[in-house]
Every structure is written in C-alpha cells, then in structure tokens.
Peer 1: 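Provided herewith is a single structure, encoded as structure tokens, for subsequent inquiry.
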There are 2 protein chains.
Amino acid sequence: MPRPRRPLLTRDRIVETALALIDADGLGALSTRRLAAALGVQGPSLYNHFATKDEILDAVADTVTGAVDTSGFASRDWLAALRDWAWSYRRALTAHPNIVPYLAQGPGRRPAALAMADAVYGGLVRAGWPPARATHIGAALRYFVAGSALGSFARGFVEDPELYAAHYPHLRQAHRLAEHQQSVDEGAFALGLDALLHGLAAEYTHTVETVESAGSNG
Amino acid sequence: MPRPRRPLLTRDRIVETALALIDADGLGALSTRRLAAALGVQGPSLYNHFATKDEILDAVADTVTGAVDTSGFASRDWLAALRDWAWSYRRALTAHPNIVPYLAQGPGRRPAALAMADAVYGGLVRAGWPPARATHIGAALRYFVAGSALGSFARGFVEDPELYAAHYPHLRQAHRLAEHQQSVDEGAFALGLDALLHGLAAEYTHTVETVESAGSNG
DNA sequence: GAATGAAAACTTACACCGCTAGTTTATGAG
DNA sequence: CTCATAAACTAGCGGTGTAAGTTTTCATTC
C-alpha cells in the first residue's frame, strides 16, 4: 500500500489510541507495532508522524497534563487555588495511572506541563510569595501529587495475609488495604494536602504579611 | 564452560553490579546481557539465580530501601521521628535516582519496603494516632518523598531561555533552574516537609489529645 | 568410594522490540 | 504539467527477555 488518498494517521489519532492502549494494558504493553496494529497500519508508518516512541509518549503525557485546571489562580485566593489545582492534578493523573511513571519524571518539553508550572508560579508570586518560595511551593505540591498518583500505598500488596502477620506485626491487616485501596489513597491524599496547606498558610502569615507590613512602615 | 569449581555468580554480586550499572547509565541501559557481561558471564546465566529481570530489579530496589533509617520511631517523639525518617528516606532515594521510577511503584514483595512501612505505622499508632490516620500519614509522607526523588522540578528543562520567555511569561528564568537544581529540590523538599509536619502537629492536638482527655474524663 | 541428583555455567534459538533504509504512489504547489 | 513532498509499504538490523537443552561439577546418600 503506497500513500493513501486520505491519510490513515494523524498525530491526534495516534496519541488517542496510544493512551487507550496504555490505559487498558499498561505502559509496558505499548509497542510501536501493537499501536500501529490498533490503528490499522504497519509499525514504521508511525515514524511519518513522530520521530521516536518517546515523542509519542510525551504527547500522550501532555494531553493528560492538559486536563489539569489551573483557572483558580486567576479567580481565587492562593490557598484555595492551590487546593483546587492539587485535586484537579490528582484527578487528571489517577484517570490514567499507567502513564504516570513516564509523566512524573519532569516537565521536559511538554507544553501543558510548562503552562501548568507557569500558572502556579505566577499565581503564587501575584499573591505575594517571594519568587524562590513560589518555586518551592509549586514543586512541593507537584511532588506530593505525583507521588500519590504513582505509588499507591495499597497497590502491590501481596494476597497472603499470613505473610504479613508473621514478619511485620503492625501490618497484620495490610492485606485489607487492597480492598480499600482507593479510599486509603484518597484519604492519605486529603490528609496530606490539608496538612501541607495548613503549614503553608502559617508560613504565609510569617513570611509575606510580616514583610508587607514592614515594607509599608519603612 | 560448564559448571565452574567456584560459582562465578551470587545474588549479592548480581544485585551490586546491577545497581552500579543503573547508577552509571540509567535504568533503561540495564539489560541482562550487559549486566552479565559486567559480571564476566553470559546473559542467561543470571537465570540460575533470579527467575526474571524484574526480580533482580526488586532486589536492587530493596537494598536501596534498606538504607532508610526508621530507628527514630523507637527513641524519639513521633514528629521528630517522622522528620528524621523522611530525610533519611529522601537521602536513600536521591543516592540512586535512576532506580526511583521502578522503586516508587509500591512496596510489592520487597521486605525492606514492608519493614519500613511497618515501623512507621507502628510508631504512629504507639504515639496515639488512630490506625486509619497512621496509615494515611505514612502514605502521605511516602508520596511526598517518592515524588521529590522522582520528579525533580528542574530536571528536563530545556536549554534555550528564549523558548520559555516567549511562551511562559512567569518562567522567564526557568532555564536557571538547571544550574540550581539540587538546591531547588532540597529547598522545596524542606519547605514542603516542614509544612506537612506543621499541619500534622496541629491535627494531632485536635485529634489525639482531645480524644485522650475525653477518654480519661469519661 | 560409587552413584545420583541438583546446581551453575554454557549454547542455541524464539518472538518481539525500536528504528532505519529504500520503494511506491498520491497529493499539492509552482 | 512537473515535481518535490508526504504517507503508506516491505525488508531488515541489532538488541531484548527468556526458554530449552547440554555439560560438567558439587553435594549427598548408599
């Protein structure tokens, strides 16, 4: 089959199908040949649209990150905006958990990740945080969200309860975690996020409001 | 070469060499043939000592996790113990950043990860936290540490400053992040950890101390 | 001490992987 | 109409994890 009258592939169709395969079968199960087959095409044809497989994965990761809502930084106070963003970020990642290990390794050349970082940083600076602090806060929350989406505490626990009872006395009920995985993960996320934001709010009164009053007085 | 008089391989030697290769060249550069060559042996010989490559990686991940110090939970108050543990955990992971993407995906069948979870959970329960809360706190801190070791904010940024200036106004100086990567990451970690612990301390006075006094009064 | 079974190296080989090169033909621009 | 480009193809390279079977040594048992 030579060049077809209507192109069989588009970047969007490739990315869309890749994400569906990753969601269904995991990151390790995505090969260029399998992806091409799902698109009704031979493997190397993908290279007419992307230079490497990693470029495809970057595009997939970017569409996932693109679903994150940072609009709160334009309309709400910084604390509420951070909370909204963190939850939206978490929802976007847990909707496609299999791509998270790839996605979590830095923003790279992915526009959506950079736009997100830009919005968060800008919102915090506008709220009065010193630039260095704004960078740290954005990074800290990203760590927390990415970590929570990547390494579910419950996932990967073994079935046999005896194994835990014998060696790890406090994990006697660990096998129950699998049943409640989602609620454990969400509970841990909610608790950790609240604690983080509580701590940041305290820091804010010390750092920003003190500086502001000192500045207006001097 | 048939069976040698003295075994050429041991599990320990395999794990040690695998970690060295991963540290040097990254996770993706570790193949069974390359690992075997570094050990002076042919590829399939590894399968006399490990059933799969993943089993080797699990063992590597477990030795890294084994370096984490949880002794604080036996000797210090829970807040100090959590802080010590989190820093030790972070140091253990950042000493071998290339294995983190593999390691961060849950405790699985790795004894050191399970022992760590057991120590943290036990320490928190002993301090008076309700079991469910103890689970959540341990998970939340693990999210944060793993996320910080995995997805450095700075790593992966592109060289060209113009690229950022044009599209992401607030990230105008983002290219500088690469220069200060380590200090940004450590600063973000320190700030986030302090905020998290600050929030947990506040929660503790509400949850545990209130319950205890109510219990002693009732 | 001989016999035997497991252990630990080997070689060979399979199916799959990402990707390159070169071919063919349809498209769209001049 | 010409022609470079685009988008599909086929063939194939070097690499991957690992299964299968071979050989020899070690460790154990009679």
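The chains referred to below are lettered A, B, ... by the order of the sequence lines, with proteins before strands, and numbering in each begins at 1.
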Peer 1: Could you tell me whether B:L30 contacts a base, only the sugar-phosphate backbone, or nothing, with contacts defined as non-hydrogen atoms closer than 4.0 Å?
Peer 2: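 Here B:L30 touches the backbone only, sparing every base.
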
Peer 1: Rounded to whole Å, how long is the line connecting atom NZ of B:K53 with atom C1' of D:dG15?
Peer 2: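 Roughly 11 Å, once rounded to whole Å.
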
Peer 1: Does the ring centre of A:F144 sit less than 6.0 Å away from the ring centre of A:F189?
Peer 2: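 Judged by ring-centre distance (under 6.0 Å), A:F189 and A:F144 do meet the cut-off.
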
Peer 1: Give every donor-acceptor pair under 3.5 Å between a side-chain atom in residues 31-41 of chain B and any protein atom, sequence neighbours left out.
Peer 2:
from	atom 1	to	atom 2	distance (Å)
B:S31	OG	B:R34	N	3.1
B:R34	NE	B:A29	O	2.7
B:R34	NH2	B:D25	OD2	2.9

Peer 1: Rounding to a whole Å, what distance do you find between A:R11:CZ and D:dA8:P?
Peer 2: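 Going from CZ in A:R11 over to P in D:dA8 covers 14 Å.
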
Peer 1: Applying side chain to side chain donor-acceptor pair (under 3.5 Å), name anything that partners A:D69, two or more places apart in sequence or on another chain.
Peer 2: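 With sequence neighbours excluded, A:D69 shows a side chain to side chain donor-acceptor pair (under 3.5 Å) to A:S71, given in chain and number order.
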
Peer 1: Is it the case that the side chains of A:R90 and A:S148 hold a donor-acceptor pair, with the cut-off being a distance below 3.5 Å and no angle test?
Peer 2: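 Yes, a side-chain donor-acceptor pair sits under 3.5 Å.
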
Peer 1: 5'-most contact on DNA chain D: A:S45 or A:R33, nearest heavy atom basis?
Peer 2: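 The 5'-side residue here is A:S45.
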
Peer 1: Side chain of A:N48, base of D:dA8: donor and acceptor closer than 3.5 Å?
Peer 2: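 It does, because a donor-acceptor pair links the side chain of A:N48 to the base of D:dA8 below 3.5 Å.
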
Peer 1: Would you kindly give the CG-to-P distance between B:L8 and D:dT25, to the nearest whole Å?
Peer 2: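 In whole Å, D:dT25 P and B:L8 CG are 13 Å from each other.
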
Peer 1: Atom CG of B:D54 and atom C1' of D:dT16: how far apart are they, to the nearest Å?
Peer 2: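 About 13 Å, once rounded to whole Å.
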
Peer 1: Measure the distance from CG on B:L46 to C1' on C:dA9 and round it to the nearest whole Å.
Peer 2: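 Nearest whole value for this atom pair: 11 Å.
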
Peer 1: Roughly, in whole Å, what's the span from OH in A:Y47 to P in C:dC17?
Peer 2: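 Atom OH in A:Y47 sits about 11 Å away from atom P in C:dC17.
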
Peer 1: For a quick check of understanding: with a heavy-atom distance under 4.0 Å over all strands, which category does B:I56 fall into, base, sugar-phosphate or nothing?
Peer 2: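 Contact class for B:I56: none.
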
Peer 1: What integer distance in Å separates A:R34:CZ from C:dC17:P?
Peer 2: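 Going from A:R34 (CZ) to C:dC17 (P), I get 8 Å.
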
Peer 1: Over how many whole Å does the gap from A:Q42 atom CD to C:dC17 atom P extend?
Peer 2: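 Atom CD in A:Q42 sits about 13 Å away from atom P in C:dC17.
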
Peer 1: Taking the side chain as every heavy atom from C-beta outward, state whether B:V68 and B:R91 have any atom pair closer than 4.5 Å.
Peer 2: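 Contact flag for B:V68/B:R91 side chains = no.
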
Peer 1: Contact class for A:P7 (heavy atom, under 4.0 Å): base, sugar-phosphate, or nothing?
Peer 2: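 Sugar-phosphate contact only - A:P7 comes under 4.0 Å of backbone atoms but never of a base.
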
Peer 1: For B:S31 and D:dG15, is the shortest distance between a side-chain N/O and OP1 or OP2 below 4.0 Å?
Peer 2: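 Result: no.
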
Peer 1: Tell me, which of residues 14-23 of chain A have any heavy atom that sits under 4.0 Å from an atom in DNA chain D?
Peer 2: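 Within residues 14-23 of chain A, no residue comes under 4.0 Å of DNA chain D.
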
Peer 1: Side chain to side chain contact (heavy atoms under 4.5 Å, CB included) between B:T94 and B:D185: does it pass, once the steps are laid out?
Peer 2: CA-CA 11 Å; B:T94 51; B:D185 286 335; over 6 Å; no

Peer 1: Check the phosphate of C:dA7 against B:H49, side-chain N and O only, distance under 4.0 Å to OP1 or OP2. Yes or no?
Peer 2: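 It does not, given that no N or O in the side chain of B:H49 lies less than 4.0 Å from OP1 or OP2 of C:dA7.
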
Peer 1: Are the side chain of B:T65 and the backbone of B:A61 linked by a donor-acceptor contact shorter than 3.5 Å?
Peer 2: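 Yes.
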
Peer 1: Between C:dC19, D:dA8, C:dA9, which nucleotide gets closest to the side-chain atoms of A:P4?
Peer 2: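 Of all the options, the side chain of A:P4 is nearest to D:dA8.
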
